[in-house]
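Some notes on the structure that comes next.
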Amino acid sequence: MPELPEVETVRDGLARWAVGRTITSVQVNNLRSVRRHLAGPEDLAARLAGQRLESAERRGKFLWLVLPADLALVVHLGMSGQVLVQPPDAPDEKHLHVRFSLEPADLELRFVDQRTFGGVLLDQTIDGVPSTVAHIARDPLDPLFDDALFVKRLRARNSAVKRCLLDQTLVSGIGNIYADEALWRARVHGERLGAALTRAQAVDLLAQVRDVLGEAITAGGTSFDALYVNVNGQSGYFDRSLNAYGREGRPCGRCGAPIRRTAFMNRSSFWCPSCQRPPRVQRHAGLG
DNA sequence: TTCTGCTCCTGAGGGC
DNA sequence: TGCCCTCAGGAGCAGA
């Protein structure tokens, strides 16, 4: 599933292969993929035609191609979105929803999305950030990320720490996989309250988040199936380095205890019952 | 203001 | 073989 490392891999691919080219036309095959462009698909196509792609930027899981006049083509991959750079004569993908023809015409951009949680839109930027992304916090790999502010805000939350990690207005770029991995590395149970963490624990958790995200970027992201690929259609290999996520029943790499899986926020959490002791008082909501 | 739970969506996989 | 059900989860929203 696309989290920060996967989106960064895609951004890097766009910077290499798409930046410097000009959009000549836009073909929308699925209206749901442009639903966040409120003016409609015709407006999107008309305003993008002739626009030069100046750079590829990212904040958390949002990425955007910078256009002239403070405009940006914003892309969110959702759960299954892909941005592919393909020759125009390559066969269409089954879930090809938006096609961006480019000049030079030897390559085109394709937005492909099986589950259609993602989408694209044209947006105005303010200080270089699209207005639809302005509410998203900086990610931990951003040089301007404020560690002290994050620790302060995390420790003020009366909410499960895993939910805090998934809150993109607190810290961006972390999804279910890397939240579980960082919590495992920090030996913190996801149901612990943010307010129950010591300052040292919060600082260490942030460090583990940084480590796991950085290692995943180096590996090209995490792929369990064909739902995440880079702009050339290739999968990452960080799934081979996972210690908790998807390892239910398999021994913890530290202590050997079988990894547990519990439901949380309509998804799964994977944790070690020995290394990550759950809080004594179970809350009504949260893990388990 | 903070927090929780629900909804959207499609395809794979399992059970019958 | 075909049908039905469950599961996967990012982000936004409603309601408490």
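Keep in mind that this is a model prediction, so the values were computed, not measured.
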For the side chain of [X], counting heavy atoms from C-beta on, which of [options] is nearest?
X	options	result
A/Ser159	C/dA8, C/dG10, B/dT4	B/dT4
A/Asn176	C/dC7, C/dG10, B/dG11	C/dG10
A/Lys61	B/dG11, C/dG10, C/dA8	C/dG10
A/Lys94	C/dG12, B/dC3, B/dG11	B/dG11
A/Thr116	C/dA11, B/dG11, B/dC9	B/dC9
A/Arg32	C/dG12, B/dC8, C/dG10	B/dC8

Indicate, with a heavy-atom threshold strictly under 4.0 Å, whether A/Arg153 touches base, sugar-phosphate, or nothing. nothing
Are A/Asp113 and A/Arg32 ion-paired here, with the side-chain N under 4.0 Å from a carboxylate O? no
Between [N] atom [atom2] and [X] atom [atom1], what is the distance in whole Å?
X	N	atom1	atom2	value
A/Leu166	B/dT4	CG	P	12 Å
A/Gln114	C/dC7	CD	P	18 Å
A/His76	C/dG10	NE2	C1'	6 Å
A/His97	B/dC8	NE2	C1'	14 Å
A/Gln82	C/dG10	CD	P	16 Å
A/Phe264	B/dG5	CZ	C1'	11 Å
A/Asp167	C/dG12	CG	P	11 Å
A/Leu38	C/dG12	CG	P	13 Å

Verify the contact: side-chain N or O of [X] to OP1 or OP2 of [N], cut-off strictly under 4.0 Å; return yes or no.
X	N	result
A/Arg115	C/dA11	no
A/Gln168	C/dA11	yes
A/His135	C/dA11	no
A/His95	B/dC9	no

Cluster question for you: counting only ILVMFWY and a side-chain heavy-atom cut-off of under 4.5 Å, with indirect links fine, are A/Leu73 and A/Ile126 together? no
Which pairs, with at least one residue in residues 252-263 of chain A and sequence neighbours excluded, count as a salt bridge (charged side-chain N to carboxylate O under 4.0 Å, His left out)? none
Can you list everything that forms a ring-ring contact (aromatic ring centres under 6.0 Å, His included) with A/Phe111? Sequence neighbours excluded, please. none
So which residues get pulled into A/Phe62's cluster when ILVMFWY side chains under 4.5 Å apart are joined, directly or through others? A/Trp64, A/Val66, A/Val74, A/Leu121, A/Val129, A/Val133, A/Ile136
So among A/Leu77, A/Val10, A/Leu96, A/Val112, which one has a side-chain contact (heavy atoms from CB on, under 4.5 Å) with A/Gln82? A/Val112
Can you name the one residue among A/Asn29, A/Val75, A/Val26 that meets side-chain contact (heavy atoms from CB on, under 4.5 Å) with A/Val98? A/Val26
Starting from the first five and the last five pairs of the helix from B/dT2-C/dA16 to B/dC16-C/dG2, work out the angle between the resulting helix axes, to 10 degrees. 50°
Is a side-chain N or O of A/Arg192 found less than 3.5 angstrom from the main chain of A/Ala196, in a donor-acceptor match? yes
Without swapping roles, check the side chain of A/Arg187 against the backbone of A/Trp184 for a donor-acceptor pair under 3.5 Å. no
Pairwise N/O distances under 3.5 Å, protein to nucleotides 13-16 of chain C:
none

Who passes salt bridge (charged side-chain N to carboxylate O under 4.0 Å, His left out) against A/Asp211, sequence neighbours left out? none
With nearest nucleotides of DNA chain B determined for A/Arg267 and A/Arg157 from heavy-atom distances, which residue corresponds to the more 5′ nucleotide? A/Arg157
